[in-house]
Protein chains: 2
Amino acid sequence: MARQVSSTTLAQAVADHLRMRIHRGDVSPGERLPAERELAEQLGVARISLREAIRQLREDGYVEVRRGSTGGTYVTELHRPAEAWRARMRAQAGEMDDIIDFRIALETETAALAARRHTAVGLAPVREAVLALHDVIGRTAFRQADSRFHVALARAAGNERLEEAVESARGELFSPRDLLPFREPVEETLRDHQAIYEAVAAGDAAAASAAMRAHLEGTRRQLRIIVFGAEDGADEVAWSPV
Amino acid sequence: MARQVSSTTLAQAVADHLRMRIHRGDVSPGERLPAERELAEQLGVARISLREAIRQLREDGYVEVRRGSTGGTYVTELHRPAEAWRARMRAQAGEMDDIIDFRIALETETAALAARRHTAVGLAPVREAVLALHDVIGRTAFRQADSRFHVALARAAGNERLEEAVESARGELFSPRDLLPFREPVEETLRDHQAIYEAVAAGDAAAASAAMRAHLEGTRRQLRIIVFGAEDGADEVAWSPV
DNA sequence: GTGAATGGTTCTCGGTCCAGACCTTGATCG
DNA sequence: CGATCAAGGTCTGGACCGAGAACCATTCAC
């Protein structure tokens, strides 16, 4: 009966939104955000609120601001936020697993729903995202193709609540993959996405769900290596799909 | 790139919080909320913000306010909100199924996690909630015991994100069960809860997940009858657990 | 050097929120 | 019957936030 309730300031909401978009890879290191006046209008907020949000992101090392005619708000290489994220995951041991478990809950069922409701038109973006991963050059394109796949699949499932929750949960993980050597995750991700797509396209809900679970358990292993530096406890993953 | 971002007023947040608590059955028809000054302090907001929230709830027919020494804010019989909810679900056909599908995603995995992590101490509240349903007299007690079970199970799963999401999704459904004849849902719910509890206590994640799915599909059937008045399309439920 | 595009700053108006004081209502008890 | 008390109802002053608009400062291309 005693939980605290609070509202969010607009600047905070904008900062969260932008941070999530950076985490998800919608905008990548080196890229420039739209000009303040323009972005404020796009988001439907006053410029001063957007500026306060940018100030927060700058303090956390997500963006750098330059003035002048080629100026603007540029996304950094994200070294500092990535390291801060890693430190936080190390400090609060269970949190990373909780996020992954949450994603498993959402995305296995998302894959199953997409398989049951699959339509050619709904699956087209999913297929494109799978193909895009083949031609990927560089981390930026990799992260964007990866994100596109999961979001497209959520949309194909046709459930707005699931789609929003998937996007939100994905925003809590992100960038530290850039700290990994590059070849392996791409190949593994490519293989997993392919398998999920095929199961969904075949209308096999159980297989789609199982493939998604396997994919996310693979993500968990990767993140464990990144965060903790060694592959400990990687065998407790072997329980059968529910 | 063009999504709108917005903040919430504190009064709106408080109203949503209280409405959800009523939906979930934490406070039942006829019960009195704490005095305004007291409740405002509990929630950590100014009295004027709480009053604005109560004004909203009063307009929607959730509460009645009486003055004097036995006065206070009383929860109504909820006839009007229940009817409004039903009308909304009829108008937006897919929404009810989306909410149920969302709950299935969250709660099947919650049950599986609880089964894998089961500890005697964590399961005690779940067991109590199952037993409470045996002794239930009246709708109020039924709804509270039902709610207690799901929340206790989410807590036993030990994942805060899942727990919050489960509570939030449950807040979107609720009360219309009171419009049903009373005996059947109790017996069905009792049987389902018992099955879920036994699977969790046995550490059988797959069985717990399947039992939860069956329970929620049963809920879907009940709600279909309540909202649409007939049992249509009740057979498309028969696909096997994933 | 000039122009254009950008971020930086300041002002005003209205809305939100808080804290506190005070008023009104209605049940109850001496 | 009247006093009391616990509850909701109302008002005020001040702090802060958000929207909108105008203007300042910096940088770069030409």
Side-chain angles (χ1 to χ4, degrees), chain A residues 1-19 21-22 27 29-76, chain B residues 1-19 21-22 27 29-76:
Chain A
M1 201 57 141
R3 265 190 224 171
Q4 300 286 299
V5 175
S6 67
S7 64
T8 54
T9 71
L10 188 52
Q12 187 62 50
V14 172
D16 290 345
H17 176 80
L18 294 176
R19 191 184 300 109
R21 268 166 47 174
I22 294 173
V27 277
E31 284 187 11
R32 210 201 71 181
L33 297 181
E36 289 185 356
R37 291 169 179 80
E38 195 182 332
L39 184 53
E41 193 180 358
Q42 282 179 15
L43 297 175
V45 302
R47 192 176 158 218
I48 202 171
S49 307
L50 172 63
R51 281 181 56 73
E52 168 61 22
I54 289 177
R55 199 191 55 72
Q56 281 185 34
L57 294 181
R58 195 164 46 175
E59 276 181 6
D60 293 341
Y62 282 92
V63 298
E64 284 169 352
V65 173
R66 291 202 288 276
R67 292 207 278 189
S69 65
T70 60
T73 309
Y74 291 81
V75 178
T76 70
Chain B
M1 202 55 142
R3 265 190 225 172
Q4 301 285 301
V5 175
S6 67
S7 63
T8 55
T9 71
L10 189 52
Q12 187 61 51
V14 171
D16 289 345
H17 176 80
L18 293 177
R19 190 182 301 111
R21 268 165 49 175
I22 294 173
V27 278
E31 282 187 13
R32 211 200 70 182
L33 297 181
E36 290 185 358
R37 290 169 178 83
E38 194 182 335
L39 184 53
E41 193 180 1
Q42 284 179 15
L43 297 174
V45 302
R47 191 176 159 216
I48 201 174
S49 307
L50 172 62
R51 281 183 56 73
E52 168 61 22
I54 289 176
R55 198 191 56 73
Q56 281 186 33
L57 294 181
R58 194 166 44 177
E59 276 182 6
D60 293 341
Y62 282 93
V63 298
E64 284 169 352
V65 173
R66 291 202 288 276
R67 293 208 278 188
S69 66
T70 61
T73 309
Y74 291 81
V75 178
T76 69

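Per chain, numbering begins at 1; letters A, B, ... match sequence-line order.
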ask   = Is any side-chain N of the basic residue among B/E36 and B/R51 closer than 4.0 Å to the acidic one's carboxylate O?
value = yes
key: Between C1' of D/dG8 and CD1 of B/I48, the distance in whole Å   = 14 Å
request  = Give a yes or no on whether the backbone of B/G61 and the side-chain of B/T76 come within a donor-acceptor separation of less than 3.5 Å.
outcome  = yes
ask   = Given atom CG of A/L50 and atom P of D/dA21, what is their separation to the nearest angstrom?
value = 16 Å
note = Whole-Å distance, B/E64 CD to D/dG8 P, equals 14 Å
query = Does A/R37 come within less than 4.0 Å of A/E41, counting only side-chain N to carboxylate O?
reply = no
ask   = Starting at CD of B/E41 and ending at P of D/dA7, how long is that distance when rounded to a whole Å?
value = 14 Å
query = When you measure from the side chain of B/A35, which nucleotide among D/dA19, C/dC17, D/dA7 comes out closest?
reply = D/dA7
inquiry  = Keeping A/T73 on the side-chain end and A/L33 on the backbone end, is there a donor-acceptor pair under 3.5 Å?
reply    = no
ask   = Between C/dG7, D/dG8, D/dG18, which nucleotide has the shortest distance from any of its atoms to the side chain of A/T9?
value = D/dG18
ask   = Of the nucleotides D/dG8, C/dC17, C/dG7, which has the atom closest to the A/T73 side chain?
value = C/dG7
query = Which nucleotide in the set D/dG9, D/dA19, D/dA6 lies at the smallest distance from any side-chain heavy atom of B/R37?
reply = D/dG9
key: Atom pair distance, as rounded to whole Å: CZ in B/R55 and P in C/dC17   = 13 Å
remark   = Nearest heavy-atom contact between B/V14 and B/A53 is CG1-CB, 3.5 Å
query = Does A/R67 make a side-chain N or O approach to OP1 or OP2 of C/dG8 shorter than 4.0 Å?
reply = no
note = From CD of A/E52 across to P of C/dG7 the rounded distance in Å is 16 Å
inquiry  = Over all strands shown, is A/R66 touching base, sugar-phosphate only, or nothing at heavy-atom distances under 4.0 angstrom?
reply    = sugar-phosphate
note = Here the distance between atom C1' of D/dA7 and atom CZ of B/R32, to the nearest Å, is 8 Å
message = Of the listed nucleotides (D/dG8, C/dG7, D/dC28), which one gets closest to any side-chain atom of A/T70?
response = D/dC28
key: A/E38 CD - C/dT6 P separation (whole Å)   = 8 Å
note = Looking only at D/dA7, D/dG8, D/dT27, the nucleotide nearest the B/R51 side chain is D/dG8
ask   = Does A/S49 or B/G71 map to a spot on DNA chain D nearer the 5' end, using the closest nucleotide for each?
value = B/G71
inquiry  = Heavy-atom nearest nucleotide on DNA chain D for B/R47 versus A/L10: which residue maps closer to 5'?
reply    = B/R47
